[in-house]
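Atoms within a ligand are numbered from 1 in the order they appear, just like the ligands themselves.
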Amino acid sequence: MSEQEKTFTLTNDQTGESCKLAVRDGTVGPSVIDIRNLYAETGHFTFDPSFTATGSCKSRITYIDGDEGILMHRGYMIEELVDKSNFLEVSYLLLYGNLPDKKQYDEFNHNITYHTMVHEQVHHFFRGFRRDAHPMAIMCGAVGGLSAFYHDSLDIWDEKQREISAHRLIAKMGTLAAMAYKYAVGQPFVYPDNSLDYASNFLKMCFSVPAEKYEVNPVLARAMDKIFILHMDHEQNASTSTVRLAGSSQANPFACIASGIACLWGPSHGGANQAVLEMLDEIGSKDRIPEFLERAKDKDDPFRLMGFGHRVYKNFDPRANVLKKYADEVLDELGINDPQLELAMELERIALEDEYFIERKLFPNVDFYSGIILKAMGFPVSMFTVLFALARTVGWVSQWKEMIEEPSLRIGRPRQLYVGSAQRDYVPMNKR
Ligand code: ACO
């Protein structure tokens, strides 16, 4: 440790021994204490079960300031990206670090569209699932299964193969997500149309049928594109950390992204947008809101207000603010007057005035609005998390690629505080 380095000294109150730890500064945001030598120097590990105070990696991709409600990708504010950019351009930004010039954009667009079709045998693979399978269950299996189809891009130490896998994943997620939907509704799979932009192509694969002409509604395509951008990356959240941990063992990228999909599925993470609509169904009518608010506050009741609160944002969720605007646009365009939407707005109003929610800084997160807007667009609730996974794939592959390209890559391996039995002798069954 050099003299000029900032340090942090940790002292053992029992023995008086102390240990000097390096403090590392990021570009913006809080500095971190580097504890990599802690065990060697003190014989202690740290204890941080839900990683509320642990930085697991260095990253250049996304920055969040939860108190100020700031989300930036590669230094660009999310509000500006949603306003001025599109899904593919932001994908390029996340993957390669800078916004593309025209030539780079056209080439990237070509590379992604080139990979939108899935191997024809994937269709048979899909047919092995029950018709009533949850589309997230299909996605876990289908994306993991891609590693059985694309053997030519599995060498993670080959830069070109890594890039092809990244392109394949971004391109094929839309196709697979649409296939999961079509399979559930019993309609034929629709092949991608590479003359369309990513969002329009996706809507066409979901909502067109061979028997009828389909025109993509530009308002819906625009909203879809914005929803994708808003969900693309969120630094080291649970699913991204899962992808990194899986990738740290040098597993192939398709398997790693499948692990991210599995993690995203949970209702505390990406499953929350589905949970919001299920909760609204359960509440049923405005007069029952107070009853459910009381349940949300009751520590003996597992019920929580879905779509409220966030581990990092403790002021507002910038994605939710942006999404609210597009929700209004879509509902206007479709002329939707949905009682469930009115219920959601009333719930939001009452909760935001409630002392319990104010004190704990609980406010609507991105999932609160995304469920409403996706429902209006015609997606069944079971597809909500799938759409989140589609967009987040860009963040996952970017974070995975960044990690593999880090020279100091080592397998991730947290430690534990063991609180089980100390050593004891085996007792034969007839003596227990
Ligand atoms: N409803 C009622 N109370 C809540 C809620 C909620 N939605 N969220 C947090 N609280 C309460 C907790 O009970 C706790 O109260 P206490 O201090 O009296 O014990 C306090 O607020 C702090 O909450 P934590 O659980 O410590 O917050 P944590 O950071 O662990 O959890 C989480 C964040 C999981 C998002 C949580 O707020 C939640 O479960 N929300 C509902 C699910 C949801 O919307 N998830 C989507 C997350 S965003 C995303 O994945 C894109």
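Counting only heavy atoms from C-beta outward, the side chains of Tyr369 and Tyr326 never approach each other to under 4.5 Å. For the pair Met306/Glu278, no side-chain contact is recorded, criterion being any heavy-atom separation below 4.5 Å from C-beta on.
Contacts between Asp367 and ligand 1 below 4.0 angstrom, taking non-hydrogen atoms only, involve the side chain exclusively. Heavy atoms of Lys297 found under 4.0 angstrom from ligand 1: none, in either backbone or side chain. For Val276, no heavy-atom contact with ligand 1 is shorter than 4.0 Å. Counting heavy atoms under 4.0 Å from ligand 1, residue Phe368 does not touch it at all.
At least one heavy atom of Phe388 lies less than 4.0 angstrom from ligand 1. Residue contacts with ligand 1: Phe303 is excluded, as none of its non-hydrogen atoms falls under 4.0 Å. Assignment of His234 to the shell around ligand 1 is not supported, since no heavy atom sits closer than 4.0 Å.
No more than 12 heavy atoms of other residues, nucleotides or ligands shown are found within 6.0 angstrom of CZ on Arg36.
A salt bridge links Arg349 with Glu346: at least one charged nitrogen is closer than 4.0 Å to a carboxylate oxygen. A salt bridge is defined here as a Lys NZ or Arg NE, NH1 or NH2 lying under 4.0 Å from an Asp or Glu carboxylate O, and Lys58 with Glu402 fails to meet this definition. Between Asp67 and Lys314, no side-chain nitrogen of the basic residue sits less than 4.0 Å from a carboxylate oxygen of the acidic one, so the salt-bridge criterion is not met. One finds no salt bridge joining Lys20 and Glu41 here, because no Lys/Arg side-chain nitrogen approaches an Asp/Glu carboxylate oxygen to under 4.0 Å. With respect to the salt-bridge test (charged N to carboxylate O, under 4.0 angstrom), the residues Lys324 and Glu348 qualify. Ion pair Lys401/Glu163 not flagged as a salt bridge, since none of the NZ, NE, NH1 or NH2 atoms sits closer than 4.0 Å to an Asp/Glu carboxylate oxygen. Taking the charged nitrogens against the carboxylate oxygens, Lys226 and Asp83 have no contact shorter than 4.0 Å, which rules out a salt bridge. Salt-bridge annotation for Glu5 and Arg24: present, with a side-chain N of the basic residue lying under 4.0 Å from a carboxylate O of the acidic one.
Proximity of atom 35 (C) of ligand 1 to the protein is indicated by at least one non-hydrogen atom lying closer than 4.0 angstrom. Contact annotation for atom 27 (O) of ligand 1: protein absent (non-hydrogen atoms, distance under 4.0 Å). Protein heavy atoms come within 4.0 Å of atom 19 (O) of ligand 1.
Of all protein heavy atoms, the one lying nearest to atom 9 (C) of ligand 1 is Leu362 CD2, 3.4 Å. Taking atom 17 (O) of ligand 1 as the reference point, the nearest protein heavy-atom neighbour is Arg360 NE, 3.8 Å. Of all protein heavy atoms, the one closest to atom 1 (N) of ligand 1 is Leu305 N, 3.0 Å. In this structure, atom 48 (S) of ligand 1 lies nearest to the protein heavy atom His310 CD2, 3.4 Å.
Of all the atoms in ligand 1, the ones that sit under 4.0 Å from a non-hydrogen atom of Gly307 are 43 (C), 44 (O). Residue Ala272 approaches ligand 1 through these ligand atoms, each under 4.0 Å from one of its heavy atoms: 43 (C), 44 (O), 45 (N), 46 (C). For ligand 1, the atoms sitting less than 4.0 Å from at least one non-hydrogen atom of Ser268 are 45 (N), 46 (C), 47 (C), numbered in the order shown with element in parentheses. Residue contact check: Arg311 has heavy atoms under 4.0 Å from atoms 28 (P), 29 (O), 30 (O), 33 (C) of ligand 1. Of all atoms in ligand 1, numbered sequentially from 1 with element shown, those under 4.0 Å from a heavy atom of His269 are 46 (C), 49 (C), 50 (O). Close approach of ligand 1 to Ala296 is summarised as follows: ligand atoms under 4.0 Å from at least one heavy atom of the residue are 2 (C), 3 (N).
Aromatic rings of Tyr313 and His234 (six-membered ring for Trp) have centroids within the 6.0 Å cut-off, being under it.
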For residues 409-418, run the donor-acceptor check on the side chains, cut-off 3.5 Å, and write out each pair with its distance to 0.1 Å, sequence neighbours left out.
| residue | atom | partner | partner atom | Å |
| --- | --- | --- | --- | --- |
| Tyr418 | OH | Ser421 | N | 3.2 |
| Tyr418 | OH | Ser421 | O | 2.6 |

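Ring pair His167/His115 is tilted by interplanar angle, where 30° to 60° counts as tilted.
Heavy-atom proximity to atom 24 (P) of ligand 1, evaluated over Met306, Lys361, Arg304, Lys314, is greatest for Arg304. Closest heavy-atom approach to atom 3 (N) of ligand 1 among the candidates Tyr313, Phe308, Phe357, Tyr356: Tyr356. Counting only non-hydrogen atoms, the option in Arg392, His231, Lys299, Arg319 that gets closest to atom 14 (C) of ligand 1 is Lys299.
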